[in-house]
There are 2 protein chains.
Amino acid sequence: MNVEEIIKTDKRIALDKRTIIHLSLVYNKVNEQISLALKPFEISVQQFNVLRILRGQGDTPANLSTINDRMVTKMSNTTRLVDKLLSKGYVSRKVCKINRRKVEIKITEEGLDILKEIDGILFETEQRILKNFNKEELKELNLLLDKF
Amino acid sequence: MNVEEIIKTDKRIALDKRTIIHLSLVYNKVNEQISLALKPFEISVQQFNVLRILRGQGDTPANLSTINDRMVTKMSNTTRLVDKLLSKGYVSRKVCKINRRKVEIKITEEGLDILKEIDGILFETEQRILKNFNKEELKELNLLLDKF
DNA sequence: ATTAAATTTTTGTTAAATCCATTATTAACA
DNA sequence: TGTTAATAATGGATTTAACAAAAATTTAAT
């Protein structure tokens, strides 16, 4: 991916600016491919992420703020994201007995099933996205990303 | 930024998966800071990008597909993005005489003025976002991003 | 010249994100 | 205990995005 070519400019862009544009372009591209991979399952990247978080929780039910924390997204949205997953039968929700302000959200068997299906496709997609990298380069990239 | 810490997991994540999650986290963080910097100007990142593209065009007016090309976003949105900028007086739009399907979009003086204002703030924001990088690291990062 | 095809932009519809206020419950504490 | 503050989640209103289809115009083809 060549930044200047994509945004069709002949001017030299300052390294800082270029880095941030570069990052956006790459993220867009990656996101596009992942959305596409999820499309047959009629699930959005966000919904998928919530499911993944819930699976990660094991038997411990998660409440909305926990999900929200792990998501870097806005709470008000998370409520409705969970609504969507609920209506698809992928999660269950009930009020927490100990603290009735909280809700306990758990992934259902159906949720686990669809995640299992998605896992394979997603793995392939990730491989494809990263096909030009060797292991060392990936490590290096992760180290650099840590600096943000 | 430590991935495992942010998404609060103790499991080891495969390098490929980790890279992609890492990228999303970084992008989100960056985007958040830039949106915040633009907020006082009541302009969205997308709108700002359009303005920047138009400034890059100099006197050559751009049509919608040109803008769209340089944006990695969907066309149907671009029309309405330009509508917004038009209503704020930052761009002008008229039908192209030679090919009446096309529109000619140009940035106005007001548009240039606000861009000039934003430039400074954005520069600071970029510096802040990248404060942990030295020049070599940025170059390295850009090289790695090219591999996507 | 007439019709079909392609290009460029717009519009309608629906879904998703964002902002801000509100409700419900619990915690703090004078 | 009663009052205020803090926390957790929800809901309404508005923007923005995504998808599909339509409208307007030009190009190509017979």
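Naming convention: chains lettered A, B, ... in sequence-line order (proteins, then strands); numbering from 1 in each chain. Just so it is clear, the values below take in all heavy atoms, side chains as well, and ignore hydrogens, waters and symmetry mates.
The neighbour count for A/Lys8 NZ, taken as heavy atoms of other residues, nucleotides or ligands under 6.0 Å away, is above 12.
Along DNA chain C, the nucleotide closest to B/Val103 and the one closest to A/Lys74 are compared, and the more 5′ of them pairs with B/Val103. In terms of position along DNA chain C, the nucleotide closest to A/Gln46 lies nearer the 5' end than the nucleotide closest to the other residue of the pair A/Gln46 and A/Arg100. If A/Lys39 and B/Lys84 are placed on DNA chain D by their nearest nucleotide, the residue sitting closer to the 5' end is B/Lys84.
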Using the side chain to side chain donor-acceptor pair (under 3.5 Å) rule, take B/Lys106 and B/Gln57 through it: C-alpha gap first, then chi angles, then the decisive distance, then the call.
-> CA-CA 8 Å; B/Lys106 277 177 76 175; B/Gln57 288 287 110; over 6 Å; no
Verdict with reasoning, B/Asn49 to B/Arg52, per side chain to side chain donor-acceptor pair (under 3.5 Å) = CA-CA 5 Å; B/Asn49 280 331; B/Arg52 220 165 25 166; 2.9 Å; yes
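The end-to-end axis angle of the helix from C/dA1-D/dT30 to C/dA30-D/dT1, rounded to 10 degrees and based on five pairs per end, is 10°.
Residue B/Leu64 contributes atom CG, which lies 9 Å from atom C1' of C/dT10 at whole-angstrom precision. In this structure, A/Met75 atom CE and C/dA16 atom C1' are separated by 18 Å, rounded to whole Å. The interatomic distance linking A/Arg80 (CZ) with D/dG12 (C1') rounds to 8 Å, in whole Å. Atom CG in B/Leu81 sits roughly 11 Å away from atom C1' in D/dT15 (whole-Å rounding). For the pair A/Asp83 CG and C/dA15 P, the interatomic distance rounds to 14 Å; values are reported in whole Å. The interatomic distance linking B/Asp69 (CG) with C/dT9 (P) rounds to 10 Å, in whole Å.
In this structure a side-chain-to-backbone donor-acceptor pair under 3.5 Å is missing from B/Asn31 to B/Tyr27.
Note on A/Thr79: a base of the nucleic acid sits closer than 4.0 angstrom, heavy atoms only. Here B/Asn99 lies in heavy-atom contact (under 4.0 Å) with sugar-phosphate atoms only. Across all strands shown, B/Ser76 has heavy atoms under 4.0 Å from base atoms, whether or not it also approaches the sugar-phosphate. No contact: B/Thr78 has no heavy atom under 4.0 Å from any strand.
Counting distance only, with no hydrogens placed and no angle test, the side-chain atoms of B/Arg101 and the base atoms of C/dT8 include no donor-acceptor pair under 3.5 Å.
Closest non-hydrogen pair, B/Ile105 versus B/Asn63, comes out as CD1-C, 4.4 Å. Among all heavy-atom pairs drawn from B/Thr125 and B/Ala37, the shortest one is OG1-CB, 3.3 Å.
Listed pair A/Asn77 / C/dA16 fails the phosphate criterion, with no side-chain N or O lying under 4.0 Å from OP1 or OP2. Between A/Arg93 and D/dA8 there is no side-chain N or O to OP1 or OP2 distance below 4.0 Å. For the OP1/OP2 pair of C/dT7 and a distance below 4.0 Å, the side-chain nitrogens and oxygens of B/Ser65 include no atom meeting the criterion.
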Expected rows: protein N/O vs nucleotides 3-5 of chain C N/O, under 3.5 Å:
none

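To the nearest 0.5 angstrom, B/Glu136 atom CD is 9.5 Å from A/Leu15 atom CG.
Using a cut-off of 4.0 Å between Lys/Arg side-chain N and Asp/Glu carboxylate O, A/Arg18 and A/Glu4 are scored as salt-bridged. Under the 4.0 Å criterion applied to side-chain N and carboxylate O atoms, A/Arg93 and A/Glu104 are not assigned as salt-bridge partners.
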Which donor-acceptor pairs under 3.5 Å do side chains of residues 109-121 of chain A form with protein atoms, sequence neighbours excluded?
| residue | atom | partner | partner atom | Å |
| --- | --- | --- | --- | --- |
| A/Asp119 | OD1 | A/Arg55 | NH2 | 3.2 |
| A/Asp119 | OD2 | A/Arg55 | NH1 | 2.9 |

